[in-house]
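Please read the structure below before turning to the comments.
Residue numbers start from 1 in every chain, and the chains themselves are labelled A, B, ... in the order their sequence lines are given, proteins ahead of strands.
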Number of protein chains: 2
Amino acid sequence: MSIYVHNGQMNSLQTIEPGLDEACCAPSDLPALGAEEAQQKALVFKALSDPNRLRLLSIVKGAGGGEACVCDLTEPLDLGQPTVSHHLKILVDAGLLHREKRGTWAYYSLVPGALEKTAGILAAL
Amino acid sequence: MSIYVHNGQMNSLQTIEPGLDEACCAPSDLPALGAEEAQQKALVFKALSDPNRLRLLSIVKGAGGGEACVCDLTEPLDLGQPTVSHHLKILVDAGLLHREKRGTWAYYSLVPGALEKTAGILAAL
DNA sequence: ACTTCATATCGACATCCATCAATTTATCGA
DNA sequence: TCGATAAATTGATGGATGTCGATATGAAGT
């Protein structure tokens, strides 16, 4: 025979919505993610959740000058140009890529510190 | 008038499939993600791309003893038990959570180093 | 103005996904 | 053996998402 311990009948964990915290230095272990925060932080990971978008980031990061235009990205991914533009837009909206238009071309580059900041979200979960 | 420079007509970036690399120490900037790698790495981020799953990780991490059972998780998320079980399964499959059954209860805890490892993927993109 | 090229946007379609209600599985206590 | 409880599984459904073809926008050169 064995003995199993459990606290009361059901749950007992707090879940606090930290409102607008003053944007500084998450001390690691606080209340637990509220619904709003979670939704916002999930957006970045949603952008990272597609294989082709990961490859886009990788290629852009390793490209000469740290930037690449759409025409440089369609072939290695074996995707149509509209699809690549679509993925790039998602990455830009997520704050991971920066878009700069020069002439007819649109050059995409990594937003400095964006990946590190995203990594920080995981550490501060 | 302005002058725009571009290399040849179209793309020129290499994309190499590194086959089974011997599982060691990615030196930061290599070939660029191949299709297979990208697909595999996207799985973890797919698991992280849902707000409720982020909250699950957060709650489990902050729970007493570093573990929590399903019955402790349904209420704070305001989700049905089957849905929570579904999310937990996805997190386990992604290698982020560990499941241990004791008695009637199933206790979930963070896989040590899993979040850090995931953060490492971003740095090594 | 007209053509050409790079990119963005639109509309459609097939697939995936989060969620729930209902059921099943499994374990404990009586 | 028989409930009672916790959790997983199944089936269904509405909504999001990746992809493409076609079209629109916009800038450069002739």
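Note on L43(A) and F45(A): separate hydrophobic clusters, where clusters join Ile, Leu, Val, Met, Phe, Trp and Tyr whose side-chain heavy atoms are under 4.5 Å apart, directly or indirectly.
The nucleotide whose nearest atom lies closest to any side-chain atom of I90(B) is, among dG18(D), dT7(C), dA18(C), dA18(C). Relative to the side chain of R99(B), the nucleotides dA7(D), dA6(D), dA6(C) differ in distance, and dA7(D) lies closest. Nearest nucleotide to the R53(B) side chain, out of dA6(C), dA18(C), dA7(D): dA18(C). When the nucleotides dT9(C), dC5(C), dT5(D) are ranked by their closest atom to the side chain of T104(A), dC5(C) comes out on top.
Nearer the 5' end of DNA chain D, as judged by each residue's closest nucleotide, is the contact made by V84(B), out of D78(A) and V84(B).
When rounded to the nearest whole Å, the span between NZ of K89(B) and P of dA7(D) equals 16 Å. As rounded to whole Å, 12 Å separates atom C1' of dA28(D) from atom NZ of K101(A). Nucleotide dC17(C) holds its C1' atom 7 Å from the NE2 atom of H86(B), rounded to whole Å. Distance, E100(A) CD to dA27(D) C1': 16 Å, rounded to whole Å. Summarising the geometry, the separation between CG on L79(B) and C1' on dA18(C) is reported as 9 Å, rounded to the nearest angstrom. Atom C1' of nucleotide dC17(C) and atom CG of L43(B) are separated by 14 Å, given to the nearest angstrom. Distance, R55(A) CZ to dG18(D) P: 16 Å, rounded to whole Å. When rounded to the nearest whole Å, the span between CG of L77(A) and C1' of dG18(D) equals 13 Å.
Between atom CG of residue L48(A) and atom NZ of residue K46(B) there is a gap of 12.0 Å, rounded to the nearest 0.5 Å.
The base of dA6(C) does not come close enough to the side chain of Q81(A) for any donor and acceptor atom to sit less than 3.5 Å apart.
For S85(A), a side-chain nitrogen or oxygen approaches OP1 or OP2 of dA8(C) to under 4.0 Å. Listed pair T83(B) / dC20(C) meets the phosphate criterion, a side-chain N or O lying under 4.0 Å from OP1 or OP2. Dashed line: the shortest gap from a side-chain N or O of Y108(A) to OP1 or OP2 of dA8(C) is under 4.0 Å.
Counting any heavy atom pair closer than 4.0 Å across all strands shown, H87(A) reaches sugar-phosphate atoms only and no base atom.
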Going by atom type alone, with no hydrogens or angles, which donor-acceptor pairs under 3.5 Å involve a side-chain atom of residues 87-99 of chain A and a protein atom two or more places apart or on another chain?
from   : atom 1 : to     : atom 2 : distance (Å)
H87(A) : ND1    : R53(A) : NH1    : 3.0
K89(A) : NZ     : D93(A) : OD2    : 3.4

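More than 12 heavy-atom neighbours from other residues, nucleotides or ligands sit within 6.0 angstrom of CD on E100(B).
Remark: Q81(B) engages V70(B), T74(B), S85(B) in a side chain to side chain contact (heavy atoms under 4.5 Å, CB included) (not counting sequence neighbours). Applying the side chain to side chain contact (heavy atoms under 4.5 Å, CB included) criterion to P51(A), with sequence neighbours excluded, gives A38(B), Q39(B), A42(B).
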Heavy-atom contacts, protein to nucleotides 10-16 of chain D, under 4.0 Å, summarised as B (base), S (sugar-phosphate only) or - (none) per nt, yield -------
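The heavy-atom pair separating L33(B) from K41(B) by the smallest distance is CD2-NZ, 4.0 Å.
Every pair tested for salt bridge (Lys or Arg N to Asp or Glu O under 4.0 Å) that includes a residue from residues 107-122 of chain B fails, sequence neighbours excluded, so the list is empty.
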